[in-house]
Amino acid sequence: MRIALVASQSSSPRPRDAADHSQRVTSLAEALGRLGHQVTLYAPNGSPAQPAKATLGPGVTVEHLPAGPAGSRRPSGDEPALDIPVFSDHLARRWRQNPPDVAHAHFWTSGLAALAGARGLNLPVVQTFQSLGAPADHSHRPADAARPARGSRAARRAGRQQDAGHQLAQVRLQVCLARNANAVLATSSEQMTKLTRLGVPRASIRVVPWGVDTGRFAPEGPVAKRNGRPRLLAVRQSADEPGLETVIRALAEVPDAELLVAGGPSGSGPANQNLAGLARDLGVADRITFTGDVSRTHLPALLRSADVLLSGEWEDPSGTVALQAMACGTPVAASAAGVVGDAVIDGTTGFLVPPGQPSALAHRIRHLFASPMQLEAFSIAAVDRARSRYSWDRIGRETVQAYERCLPHQFLATDETEAEDADSSLEG
């Protein structure tokens, strides 16, 4: 099968140096290539230094296409600026000359470009969303995650109204995109539910999560140095990661344990001032270490050294760190949201706790630490879960099955069969 993957970020020929989203798309491309398919990854050219075309692996090439000013980003800063007409025009030219069997877009802006580029070509388009800009749902937000308000009341109100307007516009575009795509691959059962609530036909949705590199992230390998204390680990994506206050409050109720906060700034400087102050107030400052950024090379060793990974996010669309920890044999404690809610089997590979409840989290941790045999059983089950359900080879096969249902010569199954297939994709 000739497969066109359409990304929203540039892709490095060295995927381990790429950003998380780019790396996940690259890993999927490589998995599809190992299955014998011919894969071309189309990505915006974010830098003049990037090659126009490069080989990522057997059967996999990447083409960087013009898509707007190099290095520009949207005002929100969390997604690349993409000139959709320019990008889609280049896609259409490529696909008219060398048509693929299916196009699979990642992120909603690249999805719009893929739909426009495929117009008139009888080319099925499959869509994966990194996250949904659904109307604000704070059901997973910890109580301590609120940010202090700044500026005048009128300015804050205007800012909220502007954000709400942008969010509503994004929701409408995502719904339009999902309804016009031949299939939507939800990354979790929670995302599937959100899509159906937004009016996307249930029959067009299949749950295909992101995978994990079970070769690189495995129990075998170097282990970061320990000091003899039970170790809790939290990996944050930014300096003000929501949920870390809950984790620190829980630490105060887990005697003798230490907490490593990886990612973001190190030490107790200004960026960590609030968290460090809370730790001092609770008397646990001597049991917390802010490690700063951890390289991809050293992350597996750090994950192997932890007894439990604590998820500090109320919603993690990709579940990347949790899956990596499980693959290394580290149980995960998290709230039942996103991919993590599907991946963690409560009481078997880790445990799920309500967000924003440090005492409940501490109780589960103490109970686990009091039973070394159960901790070991969780570790073994976590590895098995990651390898059997979330290996990239399995994710690649499930993705191909979704593609095949979209091809013109395939007959769509009944809604009942669709539901059975989607439910079975959650099992592992």
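Numbers here are sequence positions counted from 1. The structure presented is a predicted model; accordingly, all values stated were derived computationally and were not measured.
- Residue Asn227 qualifies as enclosed at atom CG: its count of foreign heavy atoms under 6.0 Å is above 12.
- When all heavy atoms are compared, the tightest approach of Cys328 to Pro300 is SG-O, 4.0 Å.
- Side chains of Gln38 and Pro100 form no contact here, defined as non-hydrogen atoms less than 4.5 Å apart.
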Are Leu232 and Phe369 close enough, and set up right, to give a side-chain contact (heavy atoms from CB on, under 4.5 Å), and what steps lead you there? CA-CA 11 Å; Leu232 305 174; Phe369 283 170; 3.6 Å; yes
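- In terms of heavy-atom proximity, Leu251 sits nearest to Leu259 at CD2-CB, 3.8 Å.
- With a 4.5 Å cut-off on side-chain heavy atoms, Val6 and Phe87 count as touching.
- Between the side chains of Thr289 and Glu258, no donor-acceptor pair is found at a separation under 3.5 Å.
- The two residues Thr330 and Leu309 come nearest to each other via the heavy atoms CG2-N, 3.6 Å.
- With hydrogens and angles disregarded, a donor-acceptor distance shorter than 3.5 Å links the side chain of His64 to the backbone of Pro51.
- In this structure, Val126 and Cys406 have side chains that are in contact, with non-hydrogen atoms separated by less than 4.5 Å.
- In this structure, CG on Leu173 lies 7.5 Å from CD1 on Ile84, to the nearest 0.5 angstrom.
- Of the possible donor and acceptor atoms, one in the side chain of Arg287 sits under 3.5 Å from a partner among the backbone N and O of Ala257.
- Judged purely by distance below 3.5 Å, without hydrogens or angles, the side chains of Ser189 and Asp342 pair a donor atom with an acceptor atom.
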Stepwise side-chain contact (heavy atoms from CB on, under 4.5 Å) check, Arg364 with Asp346: CA-CA 11 Å; Arg364 297 295 297 271; Asp346 191 27; 3.1 Å; yes
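- Formation of a donor-acceptor pair under 3.5 Å by the Ser379 side chain with backbone atoms of Gly329 is found in this model.
- Under the 3.5 Å distance criterion, the side-chain polar atoms of Thr196 are left unmatched by any main-chain donor or acceptor of Arg202.
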Check the pair Arg389 / Met326 against side-chain contact (heavy atoms from CB on, under 4.5 Å), numbers first and verdict last. CA-CA 11 Å; Arg389 177 64 190 97; Met326 291 172 60; over 6 Å; no
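- For the residue pair Pro209 and Ile395, the shortest heavy atom distance occurs at O-CG2, 3.3 Å.
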For His298 and Leu302: C-alpha separation, side-chain torsions, deciding distance, then whether side-chain contact (heavy atoms from CB on, under 4.5 Å) applies. CA-CA 6 Å; His298 295 101; Leu302 183 62; over 6 Å; no
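- Side-chain contact between Tyr390 and Gln324: absent, with no pair of heavy atoms (C-beta onward) separated by less than 4.5 Å.
- Annotation: side chain of His367 is in contact with side chain of Gln374 (closest heavy-atom distance under 4.5 Å).
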Please output the side-chain donor-acceptor pairs of residues 217-226 that fall under 3.5 Å, not counting sequence neighbours, one pair per line with the distance.
residue : atom : partner : partner atom : Å
Arg226  : NH1  : Ser305  : O            : 2.8
Arg226  : NH1  : Asp307  : OD1          : 3.3
Arg226  : NH1  : Asp307  : OD2          : 3.3
Arg226  : NH2  : Arg229  : O            : 2.8
Arg226  : NH2  : Asp307  : OD2          : 2.8

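- Here the closest heavy-atom approach between residue Ala181 and residue Gln127 is recorded as CB-CB, 4.1 Å.
- Side-chain atoms of Arg236 come within 3.5 Å of backbone N or O of Gly263 as a donor-acceptor pair.
- The heavy-atom pair separating Leu323 from Ala343 by the smallest distance is CD2-CB, 3.8 Å.
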